[in-house]
Amino acid sequence: MSASSPVRSVLPADILARKGGTPIVCLTAYTTPVARIVDAHCDIALVGDSVGMVLHGMPSTLGVTMEMMILHGRAVVRGCQKSMPVIDMPFGSYEECPAQAYRNAARLMAETGAPAVKLEGGAHMAETIAFLTKRGVPVMAHIGLTPQSVNTLGGYKVVGRDGEADSVMADAEAVQAAGAFSVVLEKVPEGLASRITQRLSIPTIGIGAGLRCDGQILVVDDMLGLFTEFRPKFVKRYGELGRAADEAIAAYAAEVRSRAFPAAEHAFADVLPTKGPKS
Ligand code: KIV
C-alpha cells in the first residue's frame, strides 16, 4: 500500500535552512489527534520508536517493529498539515547493511507519506546515511545516547563525559559529512552540545543537551504528564494530563456505580416528543 505524499510546507531543506535561526520546535506524536495539536505549534512531529514504551508498555524500544512505525506513521501524517513528520527506523531495520536500510526507509516513506526518516548512530552509520541520502531519503541522525543501543551502552546514561567528547564530536561530523539534514543530540553535556552546534552547518536538535542547540525535542507524553513510569531529568512537565485523566475516570466510575450516570439528557426517549402546533 502506498500513501499519497502531499507537498508539505516544511521539508528537510527548510529545516536545514533554519541553522542558527529561530529554534526548531519538535515533539513526538503517535496518533492523529495529538499530531493535529503538535502540528499547530511545532516544526517537526517525530514518530519516535519511543511509541513502544509510551503507548505499548514495552520495557525498551527494541521490540518496536516496522509495522508499528508504519501504522503510527500513517496516523501522524494524516494529522500534519504544516509541520514535517519524520519516522524513526526501528531497531533491526537498518543496521545490517545500507541496502537493508534503503529498503526499509523507502517502505516507511512510501507507506506513510512522511518525507524523512531518523536513525540512530554516528560514524559507524555514516556509510548507510550516505547511501540513503544519495538515493532520495532525507535522514535525521541521532547521536549521544541512542536508546536502541541501551544494552551495549550499559544504560540510559549521559554520553560525552569522561573522555568521550571527541568521539561524540566525530560522530556529529561524520553524520553531517554523510548528508544528514539535522542531528538529534540526546543526553549530551551542554558544553559539548554547544561546541557541536557551533561546529556543524546542519541543525542540532537537543533532548537533554542544553539550551544552545538549534532546536529542541521532547516525548509528547512526557511533557504532557501522560507517561509517568519514570521522568528523565531533561523533561519539563508542561501539563498534568495523566492526573486529569485519572480524576475524570475516577469520577466516571463513581457515577456509574452510584447510578448518577447516565442522566436523562444522555438517554433516548422511547417516543419522539411531538412538536406543538405552529402559532
Ligand atoms: O523515539 C523518540 O522519541 C526519539 C526522541 C526522544 C528523539 O528518538
Side-chain angles (χ1 to χ4, degrees), residues 15 23-31 34-35 38 42-66 68-73 75-76 80 83-95 105 108 112 114 116-122 125 129 139-150 153 155-160 168 171-172 175 180-188 193 196 202-210 213-224 226-227 229-238:
I15 298 299
I24 301 161
V25 185
C26 318
L27 277 175
T28 64
Y30 317 108
T31 63
V34 172
V38 169
C42 299
D43 302 301
I44 291 178
L46 172 72
V47 189
D49 61 352
S50 49
V51 68
M53 298 173 78
V54 169
L55 289 199
H56 294 271
M58 294 176 164
S60 74
T61 56
L62 300 182
V64 174
T65 62
M66 282 287 291
M68 289 165 74
M69 297 313 297
I70 289 168
L71 194 66
H72 289 284
V76 168
C80 289
S83 62
M84 185 173 78
V86 176
I87 317 277
D88 245 345
M89 298 200 70
F91 179 65
S93 73
Y94 60 97
E95 301 90 332
L108 287 176
T112 66
V117 299
K118 176 167 85 58
L119 59 82
E120 296 184 7
M125 290 310 300
I129 295 172
V139 176
M140 174 183 270
H142 183 158
I143 63 171
L145 171 64
T146 45
Q148 292 176 10
S149 304
V150 59
L153 289 174
Y156 296 99
K157 297 185 289 202
V158 173
V159 176
V168 179
D171 282 340
V175 299
F181 71 88
S182 60
V183 56
V184 170
L185 306 181
E186 180 162 353
K187 266 190 141 178
V188 170
I196 292 173
I202 60 171
T204 57
I205 310 293
I207 173 161
C213 296
D214 296 299
Q216 298 292 332
I217 187 161
L218 284 176
V219 169
V220 72
D221 292 61
D222 282 343
M223 55 85 77
L224 291 178
L226 272 170
F227 182 77
E229 313 255 302
F230 57 87
R231 180 171 167 183
K233 173 179 156 72
F234 56 75
V235 171
K236 177 172 176 183
R237 285 262 176 89
Y238 287 84

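By convention here, the first residue in the shown sequence is residue 1. Atoms within a ligand are numbered from 1 in the order they appear, just like the ligands themselves.
Using a 4.5 Å heavy-atom threshold, the side chains of D88 and V47 count as separate.
Using a 4.0 Å cut-off to heavy atoms of K118, the atoms of ligand 1 that qualify are 4 (C), 8 (O). Against a heavy-atom cut-off of under 4.0 Å, G48 is close to the following atoms of ligand 1: 1 (O), 2 (C), 3 (O). The contact set between ligand 1 and D88, taken as ligand atoms under 4.0 Å from a residue heavy atom, comprises 1 (O), 2 (C), 8 (O).
Contact annotation for V51 and ligand 1: no heavy atom of the residue comes within less than 4.0 Å of the ligand. When non-hydrogen atoms are compared, ligand 1 lies under 4.0 Å from the side chain of T28 (C-beta onward) but not from its backbone.
If you check which protein heavy atom lies closest to atom 2 (C) of ligand 1, you get S50 OG, 3.3 Å. Distance from atom 4 (C) of ligand 1 to its nearest protein heavy atom, with residue and atom name: L46 CD2, 3.7 Å. Given atom 6 (C) of ligand 1, the protein heavy atom at minimum distance is I207 CD1, 3.5 Å.
If you look at F227 and F230, their ring centroids are closer than 6.0 Å.
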Open item on the list: Does V86 form a side-chain contact (heavy atoms from CB on, under 4.5 Å) with M84? I'd like the steps, not just the answer.
Closed with: CA-CA 6 Å; V86 176; M84 185 173 78; 3.7 Å; yes

- [ ] Could you walk me through whether V183 and L185 pass side-chain contact (heavy atoms from CB on, under 4.5 Å), step by step?
- [x] CA-CA 6 Å; V183 56; L185 306 181; 4.2 Å; yes

- [ ] For side-chain contact (heavy atoms from CB on, under 4.5 Å), just list the numbers for V158 and L145, CA-CA rounded to whole Å, side-chain angles, deciding distance to a tenth of an Å, and then say yes or no.
- [x] CA-CA 7 Å; V158 173; L145 171 64; over 6 Å; no

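To the nearest 0.5 angstrom, I217 atom CD1 is 9.5 Å from E186 atom CD. The structure places OG1 of T65 at 11.0 Å from CG of D49, a figure rounded to the nearest 0.5 Å.
Between D49 and ligand 1, at least one pair of N/O atoms sits closer than 3.5 Å.
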